[in-house]
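What follows is one structure encoded as structure tokens, with my remarks underneath.
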Amino acid sequence: MNRRTRSLPYPPHVLKRIRRLRKKKGLPQRAVAAVLGISQQAYSLYERGICEIHIEEFLLLARFFDVSVDYITGVSNLVRKYPEY
């Protein structure tokens, strides 16, 4: 399977949601990449759906953007704050 025919690891709306959250905060990719401890190039691959995002990184993104993991992964369209335990 080549790049053109392989499917994205996530539905496009999940990738758009992550990009939208970043842009809403007015942040460049490198700023979010720093939170995840990865390079800007690696983060760019996440937003484009080329590389899979690990569950730990979904948790970090949700905490950073202060939204639930359900919202960031597209399970829910309700914007809820990241839960504090």
Side-chain angles (χ1 to χ4, degrees):
M1 188 181 296
N2 65 35
R3 275 181 85 182
R4 291 183 188 174
T5 60
R6 77 175 184 88
S7 62
L8 296 172
Y10 308 102
H13 67 273
V14 173
L15 304 172
K16 287 178 187 175
R17 184 163 287 174
I18 293 169
R19 186 177 307 115
R20 206 170 329 135
L21 286 165
R22 175 181 61 79
K23 288 185 175 188
K24 186 177 178 181
K25 282 197 171 226
L27 297 171
Q29 288 182 342
R30 66 178 152 66
V32 180
V35 169
L36 298 177
I38 60 175
S39 69
Q40 179 276 324
Q41 292 83 1
Y43 182 78
S44 174
L45 296 176
Y46 287 171
E47 279 195 3
R48 291 185 291 155
I50 295 171
C51 287
E52 291 186 15
I53 303 169
H54 300 283
I55 186 64
E56 297 86 0
E57 291 162 332
F58 271 120
L59 291 168
L60 287 169
L61 287 170
R63 180 177 290 157
F64 178 71
F65 291 124
D66 195 25
V67 296
S68 70
V69 175
D70 284 352
Y71 178 76
I72 207 165
T73 59
V75 172
S76 172
N77 288 326
L78 296 174
V79 181
R80 296 186 185 146
K81 289 192 165 280
Y82 186 83
E84 294 185 30
Y85 297 102

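Remember, predicted model here, so these are calculated numbers, not experimental data.
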To the nearest 0.5 Å, what is the distance between [atom1] ([X]) and [atom2] ([Y])?
{"X": "Leu60", "Y": "Ile53", "atom1": "CG", "atom2": "CD1", "result": "11.5 Å"}
{"X": "Arg19", "Y": "Lys16", "atom1": "CZ", "atom2": "NZ", "result": "8.0 Å"}
{"X": "Leu45", "Y": "Cys51", "atom1": "CG", "atom2": "SG", "result": "4.5 Å"}
{"X": "Ile55", "Y": "Thr73", "atom1": "CD1", "atom2": "OG1", "result": "7.5 Å"}

Minimum heavy-atom distance [X]-[Y], with the two atoms named:
{"X": "Ile18", "Y": "Phe58", "value": "CD1-CE2, 4.1 Å"}
{"X": "Arg17", "Y": "Tyr71", "value": "NH1-O, 2.6 Å"}
{"X": "Ile72", "Y": "Val14", "value": "O-CG1, 3.7 Å"}
{"X": "Leu36", "Y": "Glu57", "value": "CD2-O, 3.8 Å"}
{"X": "Ala33", "Y": "Tyr43", "value": "CB-CB, 3.7 Å"}

ILVMFWY cluster, Val79 and Val32 together (side-chain gap under 4.5 Å):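 In one cluster with Val79: Val32, yes.
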Qualifying salt bridge (charged side-chain N to carboxylate O under 4.0 Å, His left out) pairs with a residue from residues 59-69, counting only residues at least two apart or across chains: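 Listed once each, the pairs are Asp66-Lys81.
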Evaluation steps, side chain to side chain contact (heavy atoms under 4.5 Å, CB included), between His54 and Tyr46: CA-CA 10 Å; His54 300 283; Tyr46 287 171; 4.2 Å; yes
Single hit among Arg48, Gln40, Glu47, Gln41 for side chain to side chain donor-acceptor pair (under 3.5 Å) with Ser44: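 The passing option is Arg48.
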